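In what follows, every chain begins at residue 1, and chains take the letters A, B, ... in the order their sequences are listed. Every value quoted in this text rests on a predicted model; they were computed, and no experiment measured them.
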Amino acid sequence: METQGPIIRFAVLDKVLDLARANSLWPVTFGLACCAIEMMCTSMARFDLARFGAEVFRPSPRQADLMMVTGTVTRKMAPSLVTLYEQMPSPKWVIAVGNCAISGGPFVFKGQYNIVEGVDKLIPVDVYVPGCPPRPEGLLEGLMKLEEKITGTRRFPKAEEKW
Amino acid sequence: MSMTNPVSIIKGAVSLIIGLGVTIKAFFRPVVTCQYPREVLPISPRFRGHTKLVGDEENPDRTRCIVCGMCERSCPSGAIHKVEGEKREGEKKKVATSYILDFSTCSQCGICVEICPTSALAFSADYNIVGYSRDDCCFDLVKEYEKRKAT
Amino acid sequence: MVTGIIQDLKKAVAGIEASEVSYEQNGYHAAVVTQKGSLVSVAEFFNGRVFYLADLCCVDYVDYLELVYFFNHHKTLCRIKVTLKVEPEKPTAPTISHIYNIAHWYEREIHEFFGVYFEGHPNLTYLFLHEGIEYYPLRKKPTPVPEDAKKLLNSFNPEGEEDTFFVNLGPQHPSTHGVLRVVVKMDGEYILSAEPVLGYLHRMHEKMAENRSYLQFLPNPARIDYPGALLLNLAHVTTIEKLCGIEVPERAQYIRTITCELNRIASHLLWFGAFPADLGALTPFLYAFDDREQILDILENITGSRLTYCYFRFGGLYNDIDDTFIEMTKKFVKRMRERFKIYDELVTGNVIFVNRAKGTGILEQDQVHKYGCSGPIIRSTGMPFDIRKTEPYAVYDQVDFEIPTGTVGDNMDRYNVRMAEMEMSLRIVEQAIAKLPSGPFKAEKVPKKLKPPKGDIYHAVESSRGETGVYIVSDESDTPYRMRWRVPSYSNLMTFPALARGTLIADAIATLGSYDIVVPEIDR
Amino acid sequence: MAFTSGLMPGVLCRLVSLMGIQRASASRVPACGCGGSDGFAGGGGDASPFDRETAMTETINSIANVIGWETIRTVVGLVGVLVVVVVNALVLTWAERKVSAHMQRRIGPKEVGPFGLLQPIADTVKLLAKELLTPQNVEKPLYYLAPVIVFIPVLVSFVVIPFDARLQVKDINVGLLVILAFSSLSVFSILIAGLGSNNKFSLIGSVRSIAQNIAYEIPLLLSLLSVVFMANSLSLRDIVEAQKGVWYVFSQPIAFLVFFIASVAETNRTPFDLPEAESELVAGFHTEYSGMRFALFFLAEYTNVFIVCAMTTTFFLGGYQGPILPGIVWFFVKTYLLVFVILWFRWTFPRVRFDQLLNFSWKLLIPVSFLNLIVTGGLLKL
């Protein structure tokens with residue numbers, strides 16, 4: 001017997017939703033340390049995060065889709081950061097920007113008492129952008145990588161590689 | 001501003017109009033944006049990306065690294081691991097076979113580049129690394145050198 | 001002046017040991033040794049002479065703990081080190097927080113990190129650390145935090161009364177510039193009291209310094225104060241050069257001056273953008289960043305980084321500058337002068353901005369020594385205090401510049417002072433470029449492993465936020481025994497609770513914005 | 001919160017009766033069963049744009065006979081208004097981002113669709129599919145109701161605006177009053193959003209919003225009164241027709257300025273955006289709203305902007321009047337020019353402080369508009 005197609009094609013709907021989500025990533029206004037300055041730079045005129053529709057920095061986590069962890073997460077900050085993440089409505093994504101957010105970066109040493117060695121120990125991280133701090137291009141690349149993760153395909157050309 | 005003094009009110013209004021003039025002028029001027037994936041800014045030759053191994057001029061099959069371990073010891077954040085090498089025939093000094101750089105703890109200070117006795121290290125211009133996991137931030141610089149040599 | 005002060009001090013406080021020391025070598029003029037009984041009267045003596053408390057720190061010598069107080073004068077340079085030895089077991093010391101307001105925080109900090117109990121301190125609670133701390137972090141020998149001390153540290157519990165309520169500004173709040181948290185007690189729109197809670201970005205720089213060599217600490221200063229990274233890089237490098245007696249070639253000094261001033265402009269530009277943004281205007285932010293990108297381009301061309309520079313080395317620089325740098329800098333100076341007109345039209349003259357900034361957040365000049373303020377904040381009150389003039393480093397004594405000052409010390413004055421400072425920096429850059437000598441950019445024969453002689457040194461530079469001092473105790477090894485950072489934002493922020501009291505929340509946020517605080521610098 | 005729950009039934013009654021106006025206004029004959037609307041129902045109905053639609057196909061006719069014409073008109077009118085509202089909000093979000101971008105010398109949305117035109121659609125779809133979080137301890141009825149109510153006054157205001165000489169859902173002889181009544185209602189939803197959110201920032205935001213609304217309603221009204229004096233009517237169409245010769249912006253420049261400033265304040269736009277002052281109150285009254293609820297606030301804000309601009313156009317810029325081009329084009333050109341000015345304000349000015357905001361209204365706008373009213377009245381008498 002020939003199988004009939006579904007009446008509502010959820011797959012198509014899903015695709016549309018994914019596309020919409022990937023192109024409307026509103027970050028929460030949340031800067032921790034040095035990398036936050038580079039995050040600002042990314043949203044400024046030179047690099048213009050707005051081209052991808054991601055410049056709508058929402059001060060309230062309830063309205064945001066994306067959390068950029070831009071800097072060192074200390075143990076004192078950790079509960080607030082987790083709360084902030086939990087306050088965001090799903091679907092939500094996290095980009096760990098900079099070495100501190102990825103692994104604690106240069107602040108890891110024997111006997112350290114105050115930092116969380118990588119934000120992925122607290123919340124799930126989707127994309128890692130290393131650098132100390134990463135260039136704004138790196139952050140944009142991270143955003144595109146996240147879009148790729150959401151939609152499954154990369155919409156943008158790859159920038160020429162440099163050594 | 002006093003709300004009752006007409007002079008100050010007019011002055012205030014004029015200052016607002018001047019401010020509006022600035023933004024409207026900017027509105028009609030060209031944008032300064034570099035559209036990143038489609039356009040790329042020139043990267044300065046001194047840009048500090050992650051480090052890379054420099055090839056030996058006489059023998060491009062090997063890097064200049066002689067596995068002395070100076071960089072590993074001097075790195076402030078312990079980003080360099082497993083600097084290992086082997087003795088090859090016809091070579092006076094060791095040849096590096098593995099050089100792991102954990103870029104996720106690097107602070108791009110340049111101490112390793114400075115301290116290297118054979119100038120085997122240099123900064124790459126790799127400015128847009130991203131990854132899906134922590135491991136994507138770890139590089140084996142020897143392998144990377146070979147890949148670079150091939151292209 | 002120093003001799004006179006010492007004599008007066010000896011007369012005023014009986015049984016005190018005071019002697020002059022070499023300023024060239026130690027960075028301070030006199031050392032005073034006090035006992036627990038005489039400390040308060042010494043502090044009162046200095047308060048009477050309008051000295052400010054530049055720094056208060058603790059050094060753990062295992063056998064004893066030493067509290068180090070640095071007093072300095074805003075008008076004439078006279079830095080005096082006052083020390084007090086306390087026992088390592090259950091250490092106690094008298095508080096001076098009733099004399100110097102800034103000592104409030106310094107004493108809380110020492111209580112957290114060393115366990116010194118300050119008798120008479122009104123509020124010894126956690127300022128920096130999280131509650132899970134088990135050992136006093138900066139003690140040389142592991143010393144556990146006793147249970148009763150933990151209770152003491154944990155006692156900050158804001159509770160509202162009727163008609164008032166508490167609002168947490170931060171740690172995630174658009175106007176706290178990072179992760180500062182201010183617990184504000186409010187009555188309607190009015191602030192009854194504001195209590196900053198620090199430590200959300202405490203990155204253990206001082207602990208790290210004790211764990212690594214002088215060279216390996218090089219990348220850290222840039223992370224302490226990232227908008228003015230080069231300035232702190234310079235503070236670290238010059239202190240150690242002074243400590244080890246390394247001569248720096250003149251070309252390197254000039255280049256340091258130029259790059260530092262460029263960095264200062266970049267830092268002020270960041271502030272210039274953020275301040276109107278706190279008042280609700282976002283467009284100046286983007287214009288300022290546009291100019292900032294030009295500076296970053298210039299600096300990236302020589303240092304290789306955009307933000308956290310690690311460019312200066314002991315005895316010189318990482319690499320020399322080239323002609324493109326000079327060309328670009330000259331072009332930038334010209335461009336920047338044009339841009340000031342736009343800024344004036346868009347922000348400085350704007351009636352809404354003026355109304356918001358004028359007459360709000362007034363800092364009285366006779367209060368500043370109690371807080372140890374420095375930088376544009378103190379200059380806005382009319383006090384021409386600038387380390388670049390009082391203790392010239394690099395080549396600031398060879399260039400001609402003025403210290404812009406304000407009159408009332410309100411937000412508008414702070415704004416004007418910073419804008420004038422940017423113009424002054426442009427002037428310094430221009431002069432330094434014109435005078436730039438040729439020659440080596442790095443001193444020869446700087447050992448790779450530095451082992452400075454035994455002793456201590458305090459050295460300060462004027463960063464974009466004020467007096468940034470480094471106090472190093474060396475024990476002849478290649479790692480510092482203790483490295484203490486005296487940071488300007490810390491003491492500047494201390495004035496905030498006093499300035500915010502009784503004002504509207506909108507004004508308090510404008511005042512906080514006008515401070516140009518950098519949270520990692522406060523938290524270190 | 002007890003007093004608000006007590007308030008609810010009364011307000012709901014008022015809302016229901018106002019809905020009645022809307023239904024009645026779309027019908028030619030006085031609607032049956034719409035108590036309380038008799039005062040408004042008798043206005044001239046020949047302008048209904050949907051007259052032409054009566055000549056549609058047989059099927060529609062037969063269905064219509066069953067359901068009744070007025071129902072169909074109401075539905076069509078409502079759908080039309082809804083479409084305008086949604087399209088307008090989409091266009092305005094895009095415009096705001098594009099205008100701000102170019103004022104700051106960047107590109108703005110570009111990669112999503114040509115010129116980033118699909119950006120608002122992507123945002124809407126995303127917000128639609130977003131999780132609807134209800135925070136703990138919120139006053140649920142208030143919290144849920146606020147985003148719904150925010151919409152009603154906005155929809156009703158559209159009914160009386162004459163888009164063209166013949167395009168108006170309903171010309172009511174007290175159209176001006178209807179608009180003013182409903183525009184003051186929009187603050188009500190802000191209030192209950194703030195009260196219900198269990199968040200101090202929201203509460204402060206909503207309280208600010210109330211004070212601001214009260215302060216700016218008065219100059220708004222006073223400045224309009226002088227227009228009413230000149231036009232001798234409260235009907236919006238009559239006011240537009242009275243501007244055949246000279247637009248009121250020329251004969252009543254002070255009233256125009258006062259009205260425009262007050263309406264910027266009414267819509268909570270910079271420099272008067274205190275209820276949602278980002279640097280002070282995080283996101284103001286909608287701090288705790290997520291997903292589509294937040295989108296509704298957004299939608300209402302942009303629709304409010306459109307409405308105040310449409311009102312300014314109607315009252316001062318000659319409405320749909322203009323040479324050559326059809327009236328509706330003129331109407332939209334004028335309205336969107338004013339919208340541009342409001343956006344332009346937003347991206348230039350800082351925010352005023354709360355006491356300055358109130359002072360500005362009570363000490364400057366109200367006396368000036370009052371004087372203007374007296375002078376106008378005196379001149380007209382002469």
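- Both the backbone and the side chain of C/L279 come within less than 4.5 Å of a heavy atom in chain D.
- Inter-residue side-chain proximity for D/M103 and C/L286 is flagged as unmet; no heavy-atom pair is nearer than 4.5 Å.
- In terms of heavy atoms, D/R351 sits closest to C/G280 at NH2-CA, 3.5 Å.
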Could you go through C/N355 and D/V352, starting from their C-alpha distance and side-chain angles, then the distance that decides it, and tell me whether this counts as side chain to side chain contact (heavy atoms under 4.5 Å, CB included)? CA-CA 8 Å; C/N355 277 329; D/V352 298; over 6 Å; no
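- Residue-environment remark: OH (D/Y336) exceeds the threshold of 12 foreign heavy atoms within 6.0 Å.
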For side chain to side chain contact (heavy atoms under 4.5 Å, CB included), just list the numbers for C/L282 and D/R346, CA-CA rounded to whole Å, side-chain angles, deciding distance to a tenth of an Å, and then say yes or no. CA-CA 9 Å; C/L282 270 173; D/R346 162 125 188 228; 5.7 Å; no
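- Take C/Y343 and apply the ring-ring contact (aromatic ring centres under 6.0 Å, His included) test, not counting sequence neighbours, and it matches C/F272.
- A distance of 6.5 Å separates OG1 in C/T360 from CZ in D/R353, rounded to the nearest 0.5 Å.
- Across C/I352 and D/P350, no two heavy atoms sit closer than the pair CG2-O, 3.8 Å.
- For residues 494-523 of chain C, no pair satisfies ring pair (Phe, Tyr, Trp, His ring centres under 6.0 Å), with sequence neighbours left out.
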Candidate pair D/K200 and C/M186, rule side chain to side chain contact (heavy atoms under 4.5 Å, CB included), full reasoning: CA-CA 11 Å; D/K200 288 159 188 168; C/M186 288 177 57; over 6 Å; no
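- Within residues 407-420 of chain C, no residue has any heavy atom under 4.5 Å from a heavy atom of chain D.
- Of the listed residues (C/I505, C/N350, C/D290), the one with the most heavy-atom contacts under 4.5 Å to chain D is C/N350.
- At a 4.5 Å heavy-atom cutoff, the contact between C/A277 and chain D is made by backbone atoms alone.
- C/Y287 meets the ring-ring contact (aromatic ring centres under 6.0 Å, His included) test with no other residue; sequence neighbours excluded.
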Let's go through C/T283 and D/T348 carefully: what are the C-alpha distance in whole Å and the side-chain angles of both, what is the deciding distance for side chain to side chain contact (heavy atoms under 4.5 Å, CB included) to 0.1 Å, and is it a yes or a no? CA-CA 6 Å; C/T283 303; D/T348 308; 5.9 Å; no
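- More than 12 heavy atoms of other residues, nucleotides or ligands lie within 6.0 Å of CZ in C/F340, so this atom counts as buried by the packing criterion.
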